[in-house]
Amino acid sequence: MKQRIGVYICHCGGNISDYVDVEKVREAVAQNDGVLIAKTTMFACADSNQKGMVQDIKENQLDGVVVASCSPKLHEITFKAVVERAGLNKYNYVHANIREQVSWPHSDNKAGATQKAIQIVKAAIAKVRLSEAIEPLEVDTTQAVLVIGAGVAGMKAAISLSKMGTKVYLIEREPFIGGRIAQWDVLCLTNETGKELVSRLYTEIVSNKNIALYTGAQLVDCKGSIGNFTAKVKLSPRYVKETCIDKEILKKAINACPVEVPDEFNFGITKRRAIYHNFPAEYPQTAVIDMNSCTRCGKCTEICDKIDLNMKEEFLELKVGSILVATGFDPYTPNEGEFGYNVIDNVITLSQFKRLLAFSEPGKLQWHDKPVKNVAYIYCVGSRQVDGNNKYCSRYCCTATINTALKSNDKFPELNHFHFTRGIRTYGKQEQLYHNASKSGHVFFQSYEDDPCRVEHKNNKTTVKINDILTNRKELEVEADIVVLVTGMVPRSNNNISDILKLPRGRDNFFNEIHMKLRPVETVIDGITIAGACQGPKNVVESINSALSAAIKTYSFVGKDKLMVKPEVAEVTPDLCKWCDECTKACPFDAIFKNEQGVAQVNETVCKGCGMCLPVCPTNAIQLKTFSDIEIASMIDVLANEL
Amino acid sequence: MPFAGKKLYDALVVGGGIAGIESALNLANNNLKVLLVEKDLTLGGKMIMLSKVFPTLDCSACITTPKISEVARHPNITILTNTNILQIEKQDKNYFKARIKEKARYVNISDCTGCQLCEEACPVVVPDQYQYDLVGRKAAYIPFNIASPRVASIDMDNCVLCGACEKACPTGCIDFTQEDKEYEIIAKTVIMATGFNLFDPLKIPRFSYGNSKNVITALQMERLLAPTRPYNHVLRPGDGQVPCNIAYVLCAGSRDLSVGNPICSQICCMYSIKQAQLLMGALPMADVTIYYINIRSFGKGFEEFYEQAKGMGVNFVKGKVGKITETDNGNLILWYEDINQGKVIEKKHDLVVLSVGVLANDEPKKLIQGWEKDEYSFAHQKDLFYTPSLSSIEGVFLAGTTSGPMDIPDSILSAGSAAMEAIRYVKQTSIDL
């Protein structure tokens, strides 16, 4: 039983003290059993208060500490570090949340809020009284990293990690690397193209001995935890050997292929064969056969002996200390008929339009053999949806569209641009592009939030109509040769990574960080970081910045031989265990096994301390360290007694 | 770590705002020895002055202070506040020589306990720059409650040398004989996290800032809303009345060629929306109107935050405000072009907040040779996509708003990015210092 407990109650500026009478809380708990010191403080987290706490603990030989402040998600780590600095075991610290759980939700009832705060603090004191000092677990770390996704974010992260001397496995699901940027061609604010950027990254990766790049590689399973993950990766064969370097022969082999399917690299507006490469961004420079469409007719193998249709898929088992996820985004696919998509022939997406501009001959932009002169862009397709689920803004699209339109005139001076917007969001320096576009004759319209523009097709003519904001809802119309739907970013649709790695998603369905400002690249799964657009819409620079931030965080996990991990794990009392197997079934992390004595045992480095095994044990043989039954019961006693 | 005249460092981080702090932590956690230099009396930059931050409404101090505390006690980080960089010179062997000047505080930091008795004793009152001049402070003062270091300083420009503070100080740490000190240090890499300047609304006389006391900047409103607010309530500065009809003028000094700043400041829409939400909580009876050109709520969770503000009843009006005039009772008339109605409208408000924008801090240009800037005076990013944090000088990296307008999450990511490149750079330069 702890008898020298220090209790600190935080004003949080006014966040707490505006609604909770913190002085009253202090008075109510000061005489509690075992409480030696009870203080209030303006900001418990401020450096000056932290120093004061350290002094208090040392001078009074405190054996337990409670801070009543904000959510433990924000500052439990902070205060555990404080008590540790003072020489106290950090598990003799208990956090009481009187902001998120009290002052904020009960701002309408100050007396009630104060009473609730008193009970919560008393319960925390009850818990700290029974707390036991435990030591963190030390695990050996594997000094290697798995980077998932070889788009710009994944590639840049891999390069940086490798330069720190870390072994990097970079896996890419597609047969070619470069992700979306390889498809993107012109980028904004510099003249570097997507292809050039990807080439630079690729060149650096292949010349780097610390990076093992696998294409056609898919994560299928992952076990273990921070410091020691074992990732199982499925490698799909290319069916074309790397030794196939004679371009002429390969070209003939490709041309011999009788199969034609939509080319996903060009978002379906051109066709490719079953044997193909992503022209022009073809890294690695070995062709691939798409077995989903290949008929195994063997025509290509007759021409090129480096093609082998009998190659088999392989599996790799990678041992890594940390995983960096950079799986990117999908462009939103409009629904059938959404602004005429898939119904009117000349309605395409921005992604498709960018490919069309990239591969068309200069001065001759055509769509389905008709010359294109007037281009209408419809913004926010799939973003900021009033009715749909995508409430968020996709961030990059306003700038990308204006930039694409501006640069298209270098190659196609004949194009006229009509932008149907919902308010242009060229934030920061990108504003200059909007300004330039306005000056060079682009026409911008803006629709009302409740009144989107419409695409109509009559008498072989496609028109876009809008009740424009500048003309006070007067209907304006533009006859367009091509209508470009400015599609936003959505999470990758066929991304099973989140299931395998158990990564949580936010309400926008992108992967979620722990805290946007405190821990912006970490996930709730220790040792797994996220980078780039899999976390939410980002442009290239923002993706690279997030990739490097994730890389430095990842490096901090694997840069040392040993890592300390949380000891708040389940523990089996062997004498009570009758081995019924219920706990292993309940464990979502495969952390429990039957040991040589025939009873359950917990693998402490794998256990996450989730507690799922506790209630299923019929003999009550499992306890969770720091959340034992007696600790929880003591808290309930206090909370219930006050009722 | 105390400075103690140490000369050699792996990295010099210039600027102790959130970007500098984040950079320093990233470097130090990877075992680099860091010197963090801040020209102000305290770490924290602009972020520590904010109330809450969008879109999560976390209290800003709650996020900044633990990071500052971590920096302050990190064994690999040495901090110098109230210190100017005089010059940084790149030496041919891939290291940098910096001359720095630690300005006299006239207080011995190690002995000051932050008891504030000197503050009580000081007879001089001047506008408090940390409260954006909303209230006064003494000439002997600590910057604010959660300053780091939380120690006193004497503002010699305003001190009358009466000696009252010296008598009041229980530890005898006030020393009027203190002088500026110059040092020369050597670092293998430099991170510039010098932040941004706020647009000065006096440059737009038609907004009446400076003439009408009830026209304030958004940073002043941050202070009025902060947990450590000066009046402990949202009051208008002109007469102390509780405002009930508040207007926000967006793009004050941004997207405006007439003041020479054509670009968008990237943060003002969101901080205004945030303040509007906080005002609805602080003053439930008040009306809040936001006059905008375009609302730019582009980041993660931002659009939802904007929708939330609309749902709470914030009135969004698409129209650029042209002129603000004051009436006899301190109320204000806004003249704006209402886009929906296509005409100029006059509207009365009792408090006007100018959502001032972000301007480049081009001080680095004076500090280091070879520094190139872009057309808006922000740092030139030499290799924008491949190494966004690289400046025009090899080995000098950019964190936060040094390279352009950014919100806090982006600043933090850019600081991580700069730190990663700086570590890589230090690793590859195998010079022995």
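We name chains A, B, ... by the order of the sequence lines, and we start the count at 1 in each one. This one's a predicted model, so the numbers in the text were calculated from it and none came from an experiment.
Here the straight-line distance linking atom CD of B/E22 with atom CG of A/L518 works out to 8.5 Å at 0.5 Å rounding. Within the model, atoms OG of B/S254 and OH of A/Y427 stand 16.0 Å from one another, a figure rounded to the nearest 0.5 Å. Rounding to the nearest 0.5 Å gives a distance of 11.0 Å between SG of A/C398 and CZ of B/F298. To the nearest 0.5 angstrom, B/L27 atom CG is 6.0 Å from A/I552 atom CD1. To the nearest 0.5 Å, atoms CG (B/N294) and CD (A/E431) are separated by 7.5 Å. Atoms CG and CD1, on A/N545 and B/I412 in that order, are 12.5 Å from each other to the nearest 0.5 Å.
Looking at B/K310, the atoms closer than 4.5 Å to chain A (heavy atoms on both sides) all sit in the side chain, from C-beta outward. Heavy-atom distances place no part of B/F305 under 4.5 Å from chain A, backbone and side chain included. Contact of A/T426 with chain B is made through backbone and side chain together, with heavy-atom distances under 4.5 Å. Heavy atoms closer than 4.5 Å to chain B are found in both the backbone and the side chain of A/N512. A/L74 touches chain B through its side chain: at least one heavy atom from C-beta onward sits under 4.5 Å away, while N, CA, C and O do not. At a 4.5 Å heavy-atom cutoff, the contact between B/D410 and chain A is made by side-chain atoms alone. For A/E449, the part sitting under 4.5 Å from any heavy atom of chain B is the side chain, from C-beta outward, and nothing else. Of the two parts of A/N49, neither the backbone nor the side chain holds a non-hydrogen atom closer than 4.5 Å to a non-hydrogen atom of chain B. For chain B, no part of A/Y396 is nearby; none of its heavy atoms comes within less than 4.5 Å. Both the backbone and the side chain of A/N472 come within contact range of chain B, each with at least one heavy atom under 4.5 Å from a heavy atom of that chain. Residue B/S414 touches chain A through both its backbone and its side chain, counting heavy-atom pairs closer than 4.5 Å. Contact annotation for A/Y392: both backbone and side-chain heavy atoms come within less than 4.5 Å of a heavy atom of chain B. For A/V521, the part lying near chain B is the side chain, with the backbone staying farther off; criterion is any non-hydrogen pair under 4.5 Å. Looking at A/C45, the atoms closer than 4.5 Å to chain B (heavy atoms on both sides) sit in the backbone and in the side chain alike. Proximity to chain A (any heavy atom under 4.5 Å) is shown, for B/I295, by both the backbone and the side chain. Both the backbone and the side chain of A/L201 come within contact range of chain B, each with at least one heavy atom under 4.5 Å from a heavy atom of that chain. B/Y306 touches chain A through its side chain: at least one heavy atom from C-beta onward sits under 4.5 Å away, while N, CA, C and O do not. For B/I339, the parts lying under 4.5 angstrom from a heavy atom of chain A are both the backbone and the side chain. Using a 4.5 Å cut-off between heavy atoms, B/L57 contacts chain A through its backbone alone, with no side-chain atom that close. In this structure, the portion of A/S48 lying under 4.5 Å from any heavy atom of chain B is its side chain and not its backbone.
Top candidate by heavy-atom pairs under 4.5 Å with chain B, chosen from A/R473, A/K560, A/K553, A/R507, is A/R507. Comparing B/T387, B/I408, B/L384 by how many heavy-atom pairs each has under 4.5 Å with chain A, the most go to B/L384. Taking B/E421, B/Q341, B/E307 one by one and counting their heavy-atom pairs under 4.5 Å with chain A, the maximum is reached by B/E421. When the candidates A/E542, A/R422, A/M42, A/H515 are compared by the number of heavy-atom contacts under 4.5 Å with chain B, A/H515 comes out ahead. Looking only at heavy-atom pairs under 4.5 Å with chain A, the residue among B/S411, B/A147, B/A418, B/P409 that has the most is B/P409. Contact count against chain B (heavy-atom pairs under 4.5 Å) is highest for A/E204 among A/E204, A/K538, A/H11. Ranking A/Q446, A/K51, A/Q535, A/R200 against chain B, the residue ahead of the rest is A/R200, based on heavy-atom pairs under 4.5 Å. Ranking A/Q50, A/R99, A/R85, A/K391 against chain B, the residue ahead of the rest is A/R85, based on heavy-atom pairs under 4.5 Å. Your options are A/S69, A/C188, A/A550, and the one with the most heavy-atom pairs under 4.5 Å with chain B is A/C188.
B/T56 has its side chain within reach of A/K517: a pair of non-hydrogen atoms, C-beta onward, lies under 4.5 Å apart. A/L187 has its side chain within reach of B/F385: a pair of non-hydrogen atoms, C-beta onward, lies under 4.5 Å apart. The closest side-chain heavy-atom distance from A/M164 to B/I423 is below 4.5 Å. Using a 4.5 Å heavy-atom cutoff, the side chains of A/Q432 and B/P262 are in contact. Inter-residue side-chain proximity for A/Y448 and B/N340 is flagged as met; some heavy-atom pair is nearer than 4.5 Å. At a threshold of 4.5 Å between non-hydrogen side-chain atoms, the residues A/T78 and B/P66 count as touching. You'll find the side chain of A/L197 reaches within 4.5 Å of the side chain of B/Y386, heavy atoms only. B/I263 is not listed as a side-chain neighbour of A/Q430, based on a closest heavy-atom distance of 4.5 Å or more.
Annotation: side-chain contact (heavy atoms from CB on, under 4.5 Å) contacts of A/N208 (sequence neighbours excluded): A/S162, A/N210, A/I211.
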Practice problem: I would like to know whether A/R395 and B/D407 meet salt bridge (Lys or Arg N to Asp or Glu O under 4.0 Å); could you show each step before the answer? | Solution: CA-CA 14 Å; A/R395 183 167 192 156; B/D407 56 24; 5.0 Å; no
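When only modelled atom types and interatomic distance are considered, A/K429 and B/Q266 share no side-chain donor-acceptor pair under 3.5 Å. In summary, the side chains of B/K52 and A/N15 do present a donor paired with an acceptor at a separation below 3.5 Å, with no hydrogens or angles considered.
Remark: side-chain polar atoms of B/R296 are paired, donor with acceptor, to backbone N or O of A/I424 under 3.5 angstrom. Remark: the backbone N or O of B/E303 is not paired with any side-chain donor or acceptor of A/R384 at under 3.5 angstrom. At least one donor-acceptor pair under 3.5 Å links the side chain of A/S549 to the backbone N or O of B/L413. The backbone N or O of A/K163 lies less than 3.5 Å from no partner atom in the side chain of B/R424, so there is not a single donor-acceptor pair. No donor-acceptor pair under 3.5 Å is formed between the side chain of B/R150 and the backbone N or O of A/D47. A/H75 places a side-chain N or O within donor-acceptor distance of the main-chain N or O of B/C62, the cut-off being under 3.5 Å.
Within 6.0 Å of atom CD1 in A/I77, 12 or fewer heavy atoms from other residues, nucleotides or ligands are found, so the atom counts as exposed in its surroundings. No more than 12 heavy atoms of other residues, nucleotides or ligands sit less than 6.0 Å from atom CG of A/N191. Environment of CG in B/D374: crowded, with over 12 heavy atoms of neighbouring residues, nucleotides or ligands closer than 6.0 Å.
Note that B/K300 lies outside the cation-pi zone of A/F510, set by a 6.0 Å cut-off to the ring centre and a 45° limit from the axis.
Classification of A/K156 and B/D383 as a salt-bridged pair fails, no side-chain N sitting under 4.0 Å from a carboxylate O.
Nearest heavy atom pair, residue A/C12 against residue B/P227, reads O-CB, 3.9 Å.
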